[in-house]
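Let me begin by presenting the structure, written as structure tokens, before commenting on it.
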Amino acid sequence: MKLYLVPTPIGNLEDITLRAINILKEVDAVLAEDTRTSGVLMKHLGISKPLHSYHIFNEHQTVQRLVAQLKGGKTLALISDAGTPSISDPGFLLVRECIKQDIPIECLPGPTAFVPALVNSGLPADRFTFEGFLPHKKGRQTRLTELVGESRTMIFYESPHRLLKTLEQFAEYFGPDRPASVSRELTKLFEETIRGTLQEIITYFAEKTIKGEIVIVVQGK
Ligand code: SAM
């Protein structure tokens, strides 16, 4: 009876630990956000295991069923499409319920996008706040207002089509001269990190078609 949370690569398939591979080989079943995406990874690793769907849309309903399986003696691994489960991905509800029901859990250390983005930024990494995705509509301005006085380095996940709008809002709330960085396509072929003031980064991306996965890091006040 145990739930493992197993980080998977955020791009480069070599970024999976030996222990992650061993755990995926040992468990009774793997819970995956998207069974097709994870099927590709499992195939690449040469692992054949039952893959069950566990995503944000069925998280609430599935938790009790999975807890029953775990209590029945099963060992399960939860993986997301990329990176560490529970980090802007499903996982938290299951972890919380397992802890409540005395089911052992263990999260393996491994890939997640915000750590390399923070370190690559060159901004202070001793104290930081991970903000994940900002709310799209309701609560967005409140969150930004709260962050105006934030002295720690701030880390945000963002989609390419919202990048410019978000950077412009950051410039409005934090000031155009605030140092920041944007890391794109971490661990992938076209990985890049753009550093500068918010205004300089806006100017850089304004002339480009923005593609790929993105992490924004902004220096604290
Ligand atoms: N669980 C993941 C983790 O541990 O980082 C995050 C999943 S979240 C649904 C997806 C977001 O993570 C993307 O929109 C992007 O902001 C960030 N991300 C994931 N992979 C990335 C990569 N290779 N390069 C840059 N950002 C990435």
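Atoms considered below: every heavy atom in the structure, side chains included; atoms not considered: hydrogens, waters and symmetry mates. In listed order, ligands and their atoms are each counted from 1.
- Protein neighbours of ligand 1 below 4.0 Å, counting non-hydrogen atoms: I10, A82, G83, T84, I87, S88, D89, T112, A113, F133, Y157, E158, E185, L186, K188, E213, I214, V215.
- For R140 and T166, the side-chain atoms include at least one donor-acceptor pair closer than 3.5 Å.
- For K188 and E191, the salt-bridge test fails: no basic side-chain N is under 4.0 Å from an acidic carboxylate O.
- Contact check for V182 versus Y204: no side-chain heavy atoms found under the 4.5 Å cut-off.
- Salt bridge annotation for E26-K2: absent, with no cationic side-chain nitrogen under 4.0 angstrom from a carboxylate oxygen.
- By the 30° and 60° cut-offs, the orientation of the rings of F130 relative to Y157 is perpendicular.
- Judged by distance alone, the side chain of K49 and the main-chain N or O of K25 form a donor-acceptor pair under 3.5 Å.
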